[in-house]
Amino acid sequence: MADKATLEFNGQKIEFPLIKGTEDEIGIDIKSLRSATGGAITIDPGFKNTGACESGITYLDGEQGILRYRGYAIEELAEKADFLEVAYLLIYGDLPNQEQLDKFNADITSHAVVDDDVKKILDAFPKSAHPMGVLSSLTSALTAFNPSSVDASSKEAMYNSTVRILGKFPVLVAWTMRKKQGLPLDYGDTSLGYVENLLKMMFKKPNEEYVHNPIIVNALDKLLILHADHEQNCSTSTVRIVGSSYAGLFASLSAGISALWGPLHGGANQAVIEMLEGIMADGGDTKKYMAKAKDKNDPFRLMGFGHRVYKNFDPRARIIKSAADEVLNDLGIEDPILEIAKGLEKEALRDEYFVERRLYPNVDFYSGIIYRAMGIPIEMFTVMFAMGRLPGWIAQWKEMRHRKEPIGRPRQIYIGENYRAFKSISERS
Ligand code: CMC
């Protein structure tokens, strides 16, 4: 393998060094492109071929369906670790020993209260507000209560901000749901595990004891782990680019939540269930919707299908599909939309259009079915994704600042008008 790439431009040969990753991925380092060519840039809409950074957090191989956090396979982590261990792994690079985990947990727990004035902000939202908008606003509002932008070069300041947001975020998640449901706000019980307490804060009725169902606790723990990081996706890139201007951690996270909200990204988990319900209400004719998805004049897309990187299968979708079967079975729930989902998957996997374009179910195709079985309202699904992605965003933000990456500022090729002389209003037609 050569160690450089050569570009012929204006009769001149320009050489660029190659950057090789630990899994033999190759990047052509074009940092000197503009100076070597006299100003030419690359154009790559959607960054389909552009690496924004070197990162040591998550490895994924879209051809082989591999996903690893800090070297550990997602299948093993989902099976054997819990969410806080995975959060620690992503943020600090190694799985914690018992002492480290206990301290991490205790420090997070000590921050699991938000300023009481946050309630006033929440109160100002109408019940109709989408929980993702509320969550993004509340996360941004935390900046007002902790105004100093974290000093990323200080280990202690970075640690404090990390445990602070990991402590407060589940409160915000639960409260966005309770607000929508008109339930009084609840702080749960920090003697419980992180995920157990999240569930209690979400579901406890004011006049009843909340009794945990271990099937639901385990399933949510697994879902959060599966969503915890996914390298340079839209929301993570947003978090990194906002942070690259030295905006604070919470402000960057709030921007990431907004990016996640869209139906082509995290919002797909809500869109999938809405689509499956729509198909069911329309008589369950999956063939009709397959045809719509393939029709270029129809904006309909099969939500939960396709991925920018995975081209054979999404390993998270495999784990979630079998978890969906297990959870529904264990809870004794028969959900007709699970059958519609399986039917659609079966048809898509043998359909030329989907096979040719290498479109497979992604993480969002079956996750909503589990959330629904847990009793989580549909508009909260993407909020649950954000809860899972939080440690990944923190890890990526921290890495970006520690690597002293320059401010993110892409270039463009201008295709607008050339110079025109100003016309006074009476001269304009
Ligand atoms: N249904 C029908 N056609 C599709 C779909 C789909 N879900 N996804 C891609 N295609 C077609 C697309 O029309 C295009 O066809 P052609 O080559 O004829 O123009 C081809 O496949 C390539 O698609 P693309 O949009 O250029 O691919 P992309 O890498 O830019 O987009 C994607 C990836 C995930 C945005 C897209 O597959 C999609 O919109 N999927 C549905 C939304 C979804 O499930 N999003 C969740 C993604 S995974 C979790 C996450 O990241 O949050």
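Indexing begins at 1, ligand by ligand and atom by atom, following the structure's order.
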(message) So for ligand 1, is R308 a polar contact partner (N or O within less than 3.5 Å, distance only)?
(response) yes
(request) Answer yes or no: is there a donor N or O on one side and an acceptor on the other, between the side chain of K168 and the main chain of V113, under 3.5 Å? (result) yes
(message) Suppose we measure from atom 34 (C) of ligand 1 to each protein heavy atom; which comes out shortest, and what is that distance?
(response) G306 O, 3.6 Å
(request) Among all protein heavy atoms, pick the one closest to atom 51 (O) of ligand 1 and tell me residue, atom and distance. (result) H265 ND1, 3.1 Å
(message) Counting only heavy atoms closer than 4.0 Å, does ligand 1 sit against the backbone of L264, its side chain, both, or neither?
(response) both
(message) I'd like to know if the side chain of D282 pairs up with that of Y289 as donor and acceptor (distance under 3.5 Å, no hydrogens or angles considered).
(response) yes
(request) Report, in ascending order of atom number, the atoms of ligand 1 lying under 4.0 Å from any heavy atom of F385. (result) 52 (O)
(request) Could you tell me whether F365 approaches ligand 1 through its side chain, its backbone, both or neither, with non-hydrogen atoms closer than 4.0 Å? (result) neither
(request) Tell me whether the centres of the aromatic rings in H230 and Y310 are closer together than 6.0 Å. (result) yes
(request) Could you tell me whether some N/O pair between K311 and ligand 1 is separated by less than 3.5 angstrom? (result) no
(message) Counting non-hydrogen protein atoms only, what is the nearest one to atom 49 (C) of ligand 1? Give residue, atom name and distance.
(response) D364 OD2, 3.2 Å
(request) Just jot down the ligand 1 atoms closer than 4.0 angstrom to any heavy atom of Y353, in number order. (result) 2 (C), 3 (N), 4 (C), 11 (C), 13 (O)
(request) Taking the side chain as every heavy atom from C-beta outward, state whether Y92 and T162 have any pair of such atoms under 4.5 Å apart. (result) yes
(request) Verify, without hydrogens or angle tests, whether R178 (side chain) and M202 (backbone) share a donor-acceptor contact under 3.5 angstrom. (result) yes
(request) Using distance alone, with no hydrogens and no angle criterion, decide if N269 and S367 have a side-chain donor and acceptor under 3.5 Å apart. (result) no
(request) Would you kindly specify which portion of R301 sits under 4.0 Å from ligand 1, judged on non-hydrogen atoms: side chain, backbone, both or neither? (result) both
(message) Out of all atoms in ligand 1, which are within 4.0 Å of some heavy atom of A293? Include the element for each.
(response) 2 (C)
(request) Please report which non-hydrogen protein atom sits nearest to atom 5 (C) of ligand 1, along with the residue it belongs to and the distance in Å to one decimal place. (result) L359 CD1, 3.9 Å
(message) Under a 4.0 angstrom heavy-atom cut-off, which atoms of ligand 1 come close to A268?
(response) 43 (C), 44 (O), 45 (N), 46 (C)
(message) Ignoring hydrogens and geometry beyond distance, is a side-chain donor-acceptor pair present between E347 and T286 at under 3.5 Å?
(response) yes
(request) Tell me which protein heavy atom sits closest to atom 7 (N) of ligand 1, plus the residue, atom name and distance to 0.1 Å. (result) L302 O, 2.7 Å
(message) Check contact between K296 and ligand 1, using heavy atoms of the residue and a distance below 4.0 angstrom.
(response) yes
(request) Taking atom types as modelled, find out whether D314 and N362 have a side-chain donor-acceptor pair closer than 3.5 angstrom. (result) no
(request) Assess the pair Y187 and W175: is the distance between their ring centroids shorter than 6.0 Å? (result) yes
(request) Report, in ascending order of atom number, the atoms of ligand 1 lying under 4.0 Å from any heavy atom of G266. (result) 52 (O)
(message) Give me the nearest non-hydrogen protein atom to atom 47 (C) of ligand 1 as residue plus atom name, then the distance to 0.1 Å.
(response) N362 ND2, 3.5 Å
(request) Decide whether S55 and E399 meet the rule of one side-chain donor and one side-chain acceptor closer than 3.5 Å. (result) yes
(request) Among all protein heavy atoms, pick out the one at the shortest distance from atom 40 (N) of ligand 1; state its residue, atom name and that distance to 0.1 Å. (result) F305 O, 2.8 Å
(request) For K48, counting its heavy atoms only, list the atoms of ligand 1 lying under 4.0 Å from any of them. (result) 26 (O), 30 (O)
(request) Identify, by atom number and element, the atoms of ligand 1 in contact range of G304, meaning under 4.0 Å from any of its heavy atoms. (result) 43 (C), 44 (O)
(message) Keeping T109 on the side-chain end and N105 on the backbone end, is there a donor-acceptor pair under 3.5 Å?
(response) yes
(message) Donor-acceptor pair, distance only, cut-off 3.5 Å: does the side chain of N233 make one with the backbone of E231?
(response) yes
(request) Could you find the nearest protein heavy atom to atom 21 (O) of ligand 1 and give me its residue, atom name and distance? (result) R357 CD, 3.3 Å
(request) Using a distance threshold of 4.0 Å (strictly less than), state whether atom 31 (O) of ligand 1 has a protein heavy-atom neighbour. (result) no
(message) For the residue pair Y210 / D186, report whether a side-chain donor-acceptor contact shorter than 3.5 Å exists.
(response) no
(request) Check each atom of ligand 1 against the heavy atoms of V363 and keep those under 4.0 Å away; list them by number with element. (result) 49 (C)
(message) Test your reading of the model: is there a side-chain donor-acceptor pair from D115 to the backbone of F145, 3.5 Å cut-off?
(response) no
